[in-house]
2 protein chains.
Amino acid sequence: MSSQNSSETVDAAPRIPQRKRGRERVAALLKAGAEVFSEKGYEAATMTEIAARAGASIGSLYQFFPTKELLAKALHEAYLADLSSMLEGVRQEASGQSAAGMADRLFDGLLAFLAERPAFSALAERRDIDKEQKRKTGAAMREQIAGLLASTSQPFPKARREAMAAVVLQLMKVAVSLSSEEDADRRRAVQFELRQMLKGHLNSVQVA
Amino acid sequence: MSSQNSSETVDAAPRIPQRKRGRERVAALLKAGAEVFSEKGYEAATMTEIAARAGASIGSLYQFFPTKELLAKALHEAYLADLSSMLEGVRQEASGQSAAGMADRLFDGLLAFLAERPAFSALAERRDIDKEQKRKTGAAMREQIAGLLASTSQPFPKARREAMAAVVLQLMKVAVSLSSEEDADRRRAVQFELRQMLKGHLNSVQVA
DNA sequence: GAGTTTTGTGAGGACATGCTCATATAACTC
DNA sequence: GAGTTATATGAGCATGTCCTCACAAAACTC
């Protein structure tokens with residue numbers, strides 16, 4: 001009886017770090033997790049390797065992150081928050097500009113964001129992600145981007161705003177997936193074309 | 001002696017079906033594989049489930065496909081061949097048309113292709129794919145698309161032809177990733193925007 | 001130092017999955 | 001029917017991975 005929890009179905013509550021050492025451990029674990037997730041992908045990443053790379057034992061890892069999925073979730077949520085503030089930064093900085101200028105800032109911001117967080121796509125695309133949560137997150141991001149587009153010097157027709165936001169998202173994903181293109185010349189050429197294409201499209205929709 | 005192979009290190013040569021029953025089995029196994037791969041993704045798909053869904057035993061499955069990866073590869077290569085003939089079809093049918101018309105045909109062809117092969121993206125994105133092979137496949141596809149663009153009524157400047165082909169390829173990948181978007185309205189809206197955007201861009205480059 | 005809390009450890013349990021193999025059955029040839 | 005080849009079967013092996021647990025060592029409080 002009793003063993004470790006009193007109420008029912010409280011499977012494995014994570015231990016929240018209280019001391020400095022604990023917080024440093026958690027930071028190291030998150031960092032190692034990000035590395036391994038980005039190198040191997042979510043499924044192929046192993047908890048053993050993550051612990052080893054953080055210089056910790058598996059037991060330590062599991063005290064703070066009782067589940068592989070919870071570790072991924074913690075990282076993912078932190079990244080989403082970063083993403084959101086990056087978008088907010090673009091908004092404050094480029095509000096009132098032309099749509100093309102906004103697109104440039106967005107491109108730059110997102111490329112920088114992803115360059116610093118190579119695990120992002122692996123976490124965003126993992127299969128055991130909560131479906132409803134995924135839907136909500138996507139909706140929130142599209143809404144924020146739509147807000148960006150609306151703060152442009154010459155706003156978009158409401159009817160197409162949502163779709164434009166979704167297109168921007170998709171194009172950003174392409175720009176990112178290009179970062180694994182080995183031929184640097186081609187990578188730059190394609191990123192250039194994508195940027196031009198998006199700016200031209202935004203323009204044409206505004207004019208229409 | 002002899003059993004089935006003579007030389008050394010021939011780890012598990014696949015058995016090629018000789019009789020009608022064997023060919024039917026292989027067909028059923030491929031079909032079941034496509035189903036499970038598309039539902040669960042490559043890594044989470046299990047050989048046991050594939051065999052069961054094909055109405056075969058695991059042993060049977062492993063006689064024709066000695067490895068999970070070989071099963072995926074067989075499916076993937078068949079799909080790539082289909083894709084290539086689809087592109088060839090577009091070329092024969094739309095050669096001499098405007099770039100916009102070509103883009104429309106391309107989009108239609110690709111959407112139809114994907115609708116019939118829901119496992120394609122799971123197979124194309126699996127991690128244990130051969131890297132050199134991947135590079136070759138990409139190069140071949142870009143070349144074929146460049147040929148398409150060149151057969152247009154008003155061809156592209158040579159300097160940008162390669163980049164344009166790469167852009168088209170990337171946009172096709174977006175369309176692929178969009179096929180998993182659940183909200184059908186949004187999926188259609190985004191596909192519409194992508195189509196318009198590509199057509200506009202092709203146009204502007206031709207004119208320039 | 002005694003007592004308490006937090007953090008650390010790693011062997012091993014439980015389980016899933018890719019794959020093998022000895023053996024059986026069907027189909028085809030003569 | 002005898003002989004041969006192709007196909008079928010599924011128990012079980014090998015392996016890898018998530019996670020647990022009993023206990024140890026710090027670190028902090030008094």
Side-chain angles (χ1 to χ4, degrees), chain A residues 1-5 9-30 32-33 36-37 39-73 126-128, chain B residues 1-6 9-30 32-33 36-37 39-74 126-128:
Chain A
M1 347 61 236
S2 87
S3 80
Q4 73 239 42
N5 48 42
T9 55
V10 182
D11 44 1
R15 166 159 254 160
I16 280 107
Q18 312 278 350
R19 315 231 230 258
K20 192 183 173 192
R21 188 162 56 128
R23 283 186 293 271
E24 288 169 351
R25 257 281 139 91
V26 166
L29 291 169
L30 286 170
V36 179
F37 283 140
E39 286 168 21
K40 318 253 172 155
Y42 174 68
E43 315 220 32
T46 75
M47 293 297 263
T48 326
E49 178 168 4
I50 291 170
R53 203 175 296 200
S57 63
I58 337 135
S60 254
L61 172 52
Y62 273 94
Q63 265 183 12
F64 296 106
F65 302 100
T67 274
K68 185 180 173 182
E69 212 242 312
L70 283 179
L71 173 61
K73 197 178 178 185
R126 89 202 115 108
R127 286 191 80 78
D128 67 348
Chain B
M1 313 102 223
S2 88
S3 77
Q4 72 241 42
N5 49 43
S6 46
T9 54
V10 182
D11 44 0
R15 167 161 254 160
I16 281 106
Q18 313 276 350
R19 313 233 231 260
K20 192 183 174 195
R21 186 161 58 129
R23 283 186 292 272
E24 288 169 351
R25 256 282 141 90
V26 166
L29 290 169
L30 286 171
V36 179
F37 283 139
E39 286 169 21
K40 317 253 173 156
Y42 174 68
E43 314 221 33
T46 76
M47 293 296 263
T48 325
E49 179 168 4
I50 291 170
R53 202 174 298 198
S57 63
I58 337 135
S60 254
L61 171 51
Y62 274 94
Q63 267 185 10
F64 295 107
F65 302 101
T67 273
K68 184 179 171 181
E69 212 243 312
L70 284 178
L71 173 60
K73 198 178 176 184
R126 91 202 113 110
R127 288 191 79 78
D128 65 352

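Reckoned from all heavy atoms, side chains included, excluding hydrogens, waters and symmetry mates. So you know, we letter chains A, B, ... as the sequences are listed, proteins then strands, and number each from 1.
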Protein proximity profile, nucleotides 25-30 of chain C - base contact B, sugar-phosphate-only contact S, no contact -, cut-off 4.0 Å on heavy atoms: -SBS--
Sugar-phosphate, base or nothing in reach of B:Ile16, heavy atoms under 4.0 Å: sugar-phosphate
base_contact_polar (D:dA6 base, B:Gln63 side chain, donor-acceptor, <3.5 Å): no
Whole-Å distance separating the NZ atom of B:Lys40 from the C1' atom of C:dT17: 13 Å
Sugar-phosphate only, base, or nothing, as touched by B:Phe64 at under 4.0 Å among non-hydrogen atoms: sugar-phosphate
Between D:dA27 (P) and A:Glu24 (CD): distance, integer Å: 11 Å
Residues that B:Thr48 engages under side chain to side chain contact (heavy atoms under 4.5 Å, CB included), provided they are two or more places apart: B:Thr46
Pairs of donor and acceptor atoms involving the side chains of residues 55-66 of chain B, under 3.5 Å and at least two apart or interchain, shall be tabulated with distances.
residue, atom, partner, partner atom, Å
B:Ser57, OG, B:Ser60, N, 3.4
B:Ser60, OG, B:Arg25, NH1, 3.3

Under 4.0 angstrom between A:Arg25 side-chain N/O and D:dA26 OP1 or OP2: no
Partner residues of B:Ala28 under the side chain to side chain contact (heavy atoms under 4.5 Å, CB included) criterion, sequence neighbours left out: B:Ala54
Touch class at under 4.0 angstrom, heavy-atom based, for A:Gly59 against every strand present: base
Short side-chain N/O contact to D:dA6 OP1/OP2 from B:Arg23, under 4.0 Å: no
From CA spacing to verdict: side chain to side chain contact (heavy atoms under 4.5 Å, CB included), A:Arg23, A:Gln18: CA-CA 7 Å; A:Arg23 283 186 293 271; A:Gln18 312 278 350; 5.8 Å; no
Which residues share a side chain to side chain donor-acceptor pair (under 3.5 Å) with A:Glu39, sequence neighbours left out: A:Arg53
4.5 Å side-chain heavy-atom contact, B:Glu43 and A:Arg127: no
Residue pairs fulfilling salt bridge (Lys or Arg N to Asp or Glu O under 4.0 Å) with at least one residue in residues 58-72 of chain B, sequence neighbours excluded: B:Glu69-B:Arg126
Minimum side-chain heavy-atom gap B:Thr67-B:Lys73 below 4.5 Å: no
Sub-4.0 Å heavy-atom contacts from residues 42-51 of chain B onto DNA chain D, ordered by number: none
Rounded distance in Å - CG (A:Leu61) to P (D:dC21): 16 Å
For atom CD of A:Gln18 and atom P of C:dT5, their distance in whole Å: 12 Å
